[in-house]
Peer 1: 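First, the structure itself, so that you have it in front of you.
Convention: sequence-line order gives letters A, B, ...; per-chain numbering from 1. Atoms considered below: every heavy atom in the structure, side chains included; atoms not considered: hydrogens, waters and symmetry mates.
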Amino acid sequence: MFVTADSSAPLPASKKKAENTVALPYNERTHHCGELRGADEGKSVLLVGWVQTYRDHGGMVFIDLRDRGGITQLFFNPDTDPQAHTIARSLRSEYVIAVRGDVRSRGAMVNPKMPTGEVEIAVHEIELLNKSETPPFPIENEIDTNEDLRLKHRVLDIRRPAVREALMLRHKITKSIRDYFSENGFVDIETPILNKSTPEGARDYLVPSRLHHGSFYALPQSPQIFKQLLMIGGMDRYFQIARCFRDEDLRADRQPEFTQVDVEMAFVQPEDVMQHVERCIAAAAKVAIGVDVPLPLPRISYAESMAKYGKDAPDMRYDMTIKDVSEILRKIEFRVFAEPLAKGGVVRCIVVPGGAEMTRKETDGLTEEIKGIGAGGLPLVKVEDKDGKPTPQTGIAKFLSDGDVFAEICAATGAKHGDLIMFAADNEANVCKYLGWLRQEVAQRRGMIPENDWKFCWVVDFPCFGWDEEAQAIYPMHHPFTSPKDEDLQYMKVGSDDVPEAADLLKIRAKAYDVVLNGIELGGGSIRIHRGDVQRKIFQLLGLSVEEAKEKFDFLLDALKYGAPPHGGIALGLDRIVMLFGRFGSIRDVIAFPKNAKASCPLSLAPGRVAESQLKELGLRVVTSK
RNA sequence: GGGGCUGUAGCUCAAUUGGUUAGAGCGCCGGCCUGUCACGCCGGAGGUUGCGGGUUCGAGUCCCGUCAGCCUCGCCA
């Protein structure tokens, strides 16, 4: 029902109620619903919005009116404004209305729970702009509803303040980032969405070509090569808020399309990129969460991060770091430790402060879960002080009770009475994986992670290559354009066709850097290879033949011939930054229209089938369908 | 591809070992109510227990299959 004042045609009887309403110029609203205060008393205002709730007292009616800015209480008095009151009685949740009235003090009836609680609007005129069906869930912050249902009705979900604020936070952060780079000489340049597939990394999303049957574009996994071409093209400093696409399985912090803050600079060393990025992040943190991030951010080497935190994205909000006890435990005969040590592995542990109080149920639960990620079990022991001497209790205590072994362990790890020591023994990579997981899990379960703490850091000195135990071969830790450190180039035998020893290759460190917040990687970057000979050597080491490299990256190799400057950059996960700053549990919470875990859009139901004629035009035929 | 959890009214949940007509709160609809803001009071409607099959005198409950959602491992250079 859309009521206007100037309807010249006679209204049907059913609309008689509304006949007397006056059309309000809703485009001339004076305020948003969150801004009126006691000081505005006496003002005549025009508000528009949605009906949050209605409280009909038979006589007077209260309506909470909501828009993007907040909520204001409307007051309808049957004695002074009978027409408006009549309409107010018919309003329901989510009806869209415009009202004109006077701001007045609520006197003694102030509601301290709402920002606008000092005032209400005595409504004189109202226009019903649109009705609404009953929403499937209440438009409130504290709702306990399936995310699935919320996403199907995302329109209503977005009306909830929490979702609205997430999108506004995202805007603030994005704007702050754009401002920073714009003010520092970076040029915002768009790169292509329709690209050539380069099947090295993640799976590509493919787009069939109509003009070239059998050929496909790929959506970008990142603008990586194009930003390098921009540097070689002399643009010097570039940034882009770029959408990227990866056709891999999803997680709480992974979507098939996500947004990356993409940055590249020419004539720089790692420090130059890192300084700009940390200043940018600090500015965004100030705007988004009001926190002053001390700069420069701490730097930690990849090797130290793996040794102390078991992962390349350390969470430094709590201690409980990993300690190596291989040498001490080499002295005892305990098969669980001895076998891995004999094979060149390590034994490491974490000390859980006060962990002796953990119940059998708790530790059994951890044991089951750590088995789930591949560990054989979870050897543990409690520390008890007996006559001034640390004594092992329960668990693997009987294997540690000879001589001074346990005292040595406690001295080396700082374990004391009432603590619990948890061990892992395996090859180094697995021990890192198990204890890295365990450290985080125990900290979470025991409430050891302080809230309101923001621990940023840079992880640097990544190795160029990792060692794949199963394949017994090296694999690249980063994309193949990452530059090795100048002093490590010697190990690569650039300019010769010889393949260096794997042991040598594993020594090579990259000019790469990741920025981490509270144990989550916000982004990573590197100085790129600007020498054609080095780039070709890397392709060779990764097992790409000259022909393959030429086929896939010819345009990059070609560009490297024409005076490529030293250059490097970074890519930051914008969704993750907003998720962390806003304390959300999933990046779906900070994306307006996210996909679900099966990469479908619950709202539009994408992906969907297409007409046979469309397939024919593209030269495609569907062979199987599920 | 593997593992785990979940699916009952519009929403959130309950329903003894398999046993009468599947209940509650919120929401919704109708009535009453002039200072509420979780308004209150009275009354009412609302169900293919995700779907299909099986066992049984009898299935929301047990079995098999299937679909959907979430988490996770693999994967994500």
Side-chain angles (χ1 to χ4, degrees), chain A residues 52-65 71-80 85 89 92-94 104 106-114 116-117 120 122 133-140 142-153 156 198-204 221-222 224-225 244-256 258 368-375 433 437 441 462 464-466 468 470 474-482 510 512 521 524 526 538-539 542-544 552-553 573 585-586 588 595-600 602 605 626:
Chain A
Q52 175 73 34
T53 55
Y54 53 95
R55 295 180 291 278
D56 182 348
H57 286 247
M60 57 192 176
V61 171
F62 299 95
I63 302 279
D64 286 345
L65 185 67
I71 287 177
T72 294
Q73 176 168 283
L74 309 179
F75 174 79
F76 297 82
N77 186 333
D79 303 329
T80 58
H85 176 263
R89 294 197 75 177
R92 293 295 180 268
S93 290
E94 300 309 305
R104 65 181 207 189
R106 292 206 209 170
M109 306 308 297
V110 162
N111 182 350
K113 281 186 264 181
M114 49 198 292
T116 61
E120 64 189 3
E133 289 188 15
T134 304
F137 52 82
I139 313 299
E140 295 163 359
E142 278 79 33
I143 57 171
D144 195 8
T145 302
N146 278 330
E147 187 186 30
D148 187 32
L149 186 80
R150 293 202 288 112
L151 292 179
K152 269 178 196 147
H153 301 278
L156 297 171
T198 53
E200 263 67 41
R203 226 173 267 121
D204 282 322
Q221 296 180 21
S222 115
Q224 181 61 35
I225 293 181
C244 302
F245 306 85
R246 291 178 191 175
D247 189 5
E248 295 294 342
D249 284 1
L250 279 51
R251 295 279 192 283
D253 61 354
R254 265 166 31 191
Q255 283 271 299
F258 59 98
E368 278 314 300
E369 289 204 44
I370 205 165
K371 281 182 183 170
I373 63 172
K433 180 179 166 190
W437 173 86
E441 200 63 29
F462 281 84
C464 269
F465 305 100
D468 186 330
E470 291 207 359
I474 61 159
Y475 65 92
M477 298 271 282
H478 299 276
H479 59 63
F481 318 116
T482 303
E521 179 191 330
S526 65
I538 290 280
F539 284 147
L542 297 181
L544 258 70
K552 285 167 184 163
F553 301 112
S586 159
R588 291 188 297 270
K595 306 270 189 293
N596 66 17
K598 285 277 163 60
S600 300
L605 302 183
K626 280 183 184 174

Peer 1: So A:Tyr475, base contact, sugar-phosphate only, or nothing? Heavy-atom distance under 4.0 Å.
Peer 2: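 It contacts nothing in the nucleic acid.
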Peer 1: Indicate, with yes or no, if the rings of A:Phe539 and A:Phe553 have centres closer together than 6.0 Å.
Peer 2: yes
Peer 1: Using whole Å, report how far CD of A:Glu133 lies from P of B:G10.
Peer 2: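 Checked: the CD to P distance equals 14 Å.
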Peer 1: With heavy atoms under 4.0 Å as the rule, sort A:Ala252 into base, sugar-phosphate or nothing.
Peer 2: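 Here A:Ala252 touches the backbone only, sparing every base.
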Peer 1: Between A:Tyr54 and A:Phe62, is the gap from one ring center to the other below 6.0 Å?
Peer 2: no
Peer 1: What about A:Asn146: does its side chain form a donor-acceptor pair under 3.5 Å with the base of B:G7?
Peer 2: no
Peer 1: Nearest heavy atom decides the nucleotide; on that basis, is A:Ser600 or A:Pro476 closer to the 5' end of RNA chain B?
Peer 2: A:Ser600
Peer 1: Now, which nucleotide makes the Watson-Crick or G-U wobble pair with B:G40, with each of the two distances under 3.5 Å?
Peer 2: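 Check on B:G40: paired to B:C32, both distances under 3.5 Å.
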Peer 1: I'd like to check, for A:Phe62, whether its ring lies over the base of B:G35 with centroids under 5.5 Å apart and a plane angle smaller than 30°.
Peer 2: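 It does not: the ring fails the test against the base of B:G35.
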Peer 1: Check every strand shown and say whether A:Leu542 touches a base, only sugar-phosphate, or nothing at a heavy-atom separation below 4.0 Å.
Peer 2: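 No contact.
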Peer 1: For the P atoms, the ones on B:A77 and on B:G65, what distance do you get once it is rounded to whole angstrom?
Peer 2: 36 Å
Peer 1: May I ask you to check if A:Arg246 and A:Phe258 form a cation-pi contact, with NZ or CZ under 6.0 angstrom from the six-membered ring centre and within 45° of the axis?
Peer 2: no
Peer 1: When you check every protein heavy atom under 4.0 Å of nucleotides 38-46 of chain B, what one-letter string (B, S, -) results, 5' to 3'?
Peer 2: SB-------
Peer 1: Base of B:C76, side chain of A:Arg246 - is there a donor-acceptor contact under 3.5 Å?
Peer 2: no
Peer 1: Could one point to a donor on the side chain of A:Arg588 or the base of B:C70 with an acceptor on the other under 3.5 Å away?
Peer 2: no
Peer 1: Taking the C1' atom of each, how far is B:C70 from B:C29, in whole Å?
Peer 2: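 So the two C1' atoms sit 35 Å from each other.
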Peer 1: Roughly how many Å apart are B:C11 and B:G74, using the C1' atom of each and rounding to a whole number?
Peer 2: 36 Å
Peer 1: Distance criterion of 3.5 Å, no angle test: do you see the side chain of A:Arg203 paired donor-to-acceptor with the base of B:G74?
Peer 2: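 Result: no qualifying N/O pair found.
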Peer 1: Students often get this wrong, so: under 4.0 angstrom with heavy atoms, is A:Glu120 touching a base, only sugar-phosphate, or nothing?
Peer 2: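 If one applies the 4.0 Å heavy-atom cut-off, A:Glu120 turns out to touch a base.
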Peer 1: Counting the atoms with a prime plus P, OP1 and OP2 as sugar-phosphate, which does A:Asn77 contact under 4.0 Å by heavy atoms, base, sugar-phosphate, or nothing?
Peer 2: nothing
Peer 1: Any side-chain N or O of A:Arg92 below 4.0 angstrom from OP1/OP2 of B:C29?
Peer 2: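 For B:C29, OP1/OP2 do have a side-chain N/O of A:Arg92 under 4.0 Å.
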Peer 1: Between B:C64 and B:C76, how far is it from one P atom to the other, in whole Å?
Peer 2: 35 Å
